[in-house]
Student: 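Below: one structure in structure tokens.
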Amino acid sequence: MHVLVVEDDELLGDALQAGLRESGFAVDWVRDGIAADTALRTGEFSAVVLDLGLPRRGGLEVLRGLRSRGTHVPVLVLTARDAIEDRVAGLDSGADDYVIKPVAIAELAARLRALVRRAHGQGGGALCVGDVTLEVATRRVTFRDREVELNAREFDLLRELMLNSGRVLTREQILNRLYEWDRTLESNAIEVFVHHLRRKLAPEIIRTVRGVGYLMPRDDGPRRGG
Ligand code: CA
């Protein structure tokens with residue numbers, strides 16, 4: 001897979017190029033918006049890693065130009081942790097995904113692979129809800145740049161909630177699905193797994209709908225206090 005990295009920060013660009021190469025990607029690196037435009041008009045890329053704050057031409061402008069030319073190459077936007085508006089603007093302008101700086105190469109590589117798979121009509125490889133990414137094939141879960149260790153039951157519960165994000169799942173629905181692979185679950189098992197997921201990820205990722213079940217909100221929105 002051939003990736004174009006657009007990043008003006010020398011240290012970060014260098015790290016991205018080296019890290020992605022180590023992860024098996026072929027990488028071209030350009031350092032400003034004009035060079036990115038030129039590369040995208042002339043080259044063939046599987047995916048683009050795009051910083052937004054760029055000299056000569058901003059990342060959003062590069063992105064809009066790309067989409068206005070009818071090019072569908074997957075674009076992953078790099079964004080600062082607190083720049084929620086950038087993130088929204090990026091997605092509105094045709095970005096396919098985003099990663100928050102500082103970048104974890106493993107997560108970036110995983111997301112790029114998922115984007116490329118999706119672009120090739122092999123969706124279902126990765127689920128993304130809010131800051132949580134779950135790779136079905138490798139059973140890998142990341143939350144805000146860090147990998148999260150889940151046991152099989154926690155993983156399956158999280159996957160169910162992500163597949164149904166924005167909808168309430170009743171305890172019965174969840175139990176039925178988890179029973180498929182384990183008939184020895186205790187009656188309070190769901191509560192226990194939900195507790196584990198909240199502790200390992202963040203309390204707000206799963207909402208309790210009292211008397212009904214659980215809900216994973218589609219997007220947590222901006223976070224306070226860092
Ligand atoms: Ca920059």
Side-chain angles (χ1 to χ4, degrees), residues 1-116 118-119 126 128-133 142-147 202 219-226:
M1 281 188 268
H2 190 188
V3 175
L4 178 69
V5 171
V6 188
E7 172 60 65
D8 61 309
D9 184 293
E10 285 289 330
L11 279 178
L12 179 55
D14 195 47
L16 289 173
Q17 186 173 46
L20 288 174
R21 277 184 178 156
E22 217 163 286
S23 305
F25 295 90
V27 183
D28 280 341
W29 171 24
V30 295
R31 294 160 175 78
D32 68 69
I34 300 276
D37 256 356
T38 305
L40 288 165
R41 282 172 195 273
T42 53
E44 284 280 330
F45 299 97
S46 318
V48 181
V49 176
L50 182 66
D51 180 33
L52 293 184
L54 292 168
R56 298 176 80 199
R57 184 169 296 168
L60 281 180
E61 201 182 330
V62 171
L63 181 56
R64 289 194 191 105
L66 182 68
R67 293 306 184 223
S68 73
R69 294 194 295 276
T71 307
H72 297 297
V73 59
V75 174
L76 185 152
V77 161
L78 295 181
T79 178
R81 183 165 294 277
D82 52 356
I84 199 96
E85 290 92 356
D86 286 355
R87 187 167 110 184
V88 172
L91 292 172
D92 282 347
S93 302
D96 300 277
D97 200 359
Y98 62 88
V99 162
I100 293 168
K101 295 180 184 180
V103 181
I105 291 290
E107 187 198 357
L108 182 65
R111 285 183 178 240
L112 285 172
R113 280 192 293 268
L115 282 181
V116 172
R118 236 183 287 159
C128 301
V129 176
D131 293 332
V132 185
T133 299
T142 55
F143 178 67
R144 288 184 216 157
D145 298 348
R146 72 179 162 86
E147 193 158 358
D219 197 340
D220 295 331
R223 235 164 286 283
R224 287 162 224 283

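Start at 1 and go down the list; that is how both ligands and their atoms are numbered.
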Student: How about G53: does one of its N, O or S atoms come closer than 3.0 Å to the Ca ion (ligand 1)?
Tutor: yes

Student: Is the Ca ion (ligand 1) under 3.0 Å from any N, O or S atom of D9?
Tutor: no

Student: Does the D145 side chain pair with the main chain of V103, one donor and one acceptor, at a distance under 3.5 Å?
Tutor: no

Student: Can you tell me if E7 has an N, O or S atom under 3.0 Å away from the Ca ion (ligand 1)?
Tutor: no

Student: So, the side chain of R67 versus the backbone of T71: is there a donor-acceptor pair under 3.5 Å, distance only?
Tutor: yes

Student: Using the Ca ion (ligand 1) as the apex, give the angle to atoms OD2 (D51) and OD1 (D8), rounded to 10 degrees.
Tutor: 80°

Student: Between R31 and D14, does any side-chain N to carboxylate O distance fall below 4.0 Å?
Tutor: no

Student: Got a donor-acceptor contact below 3.5 angstrom from the S46 side chain to the H2 backbone?
Tutor: yes

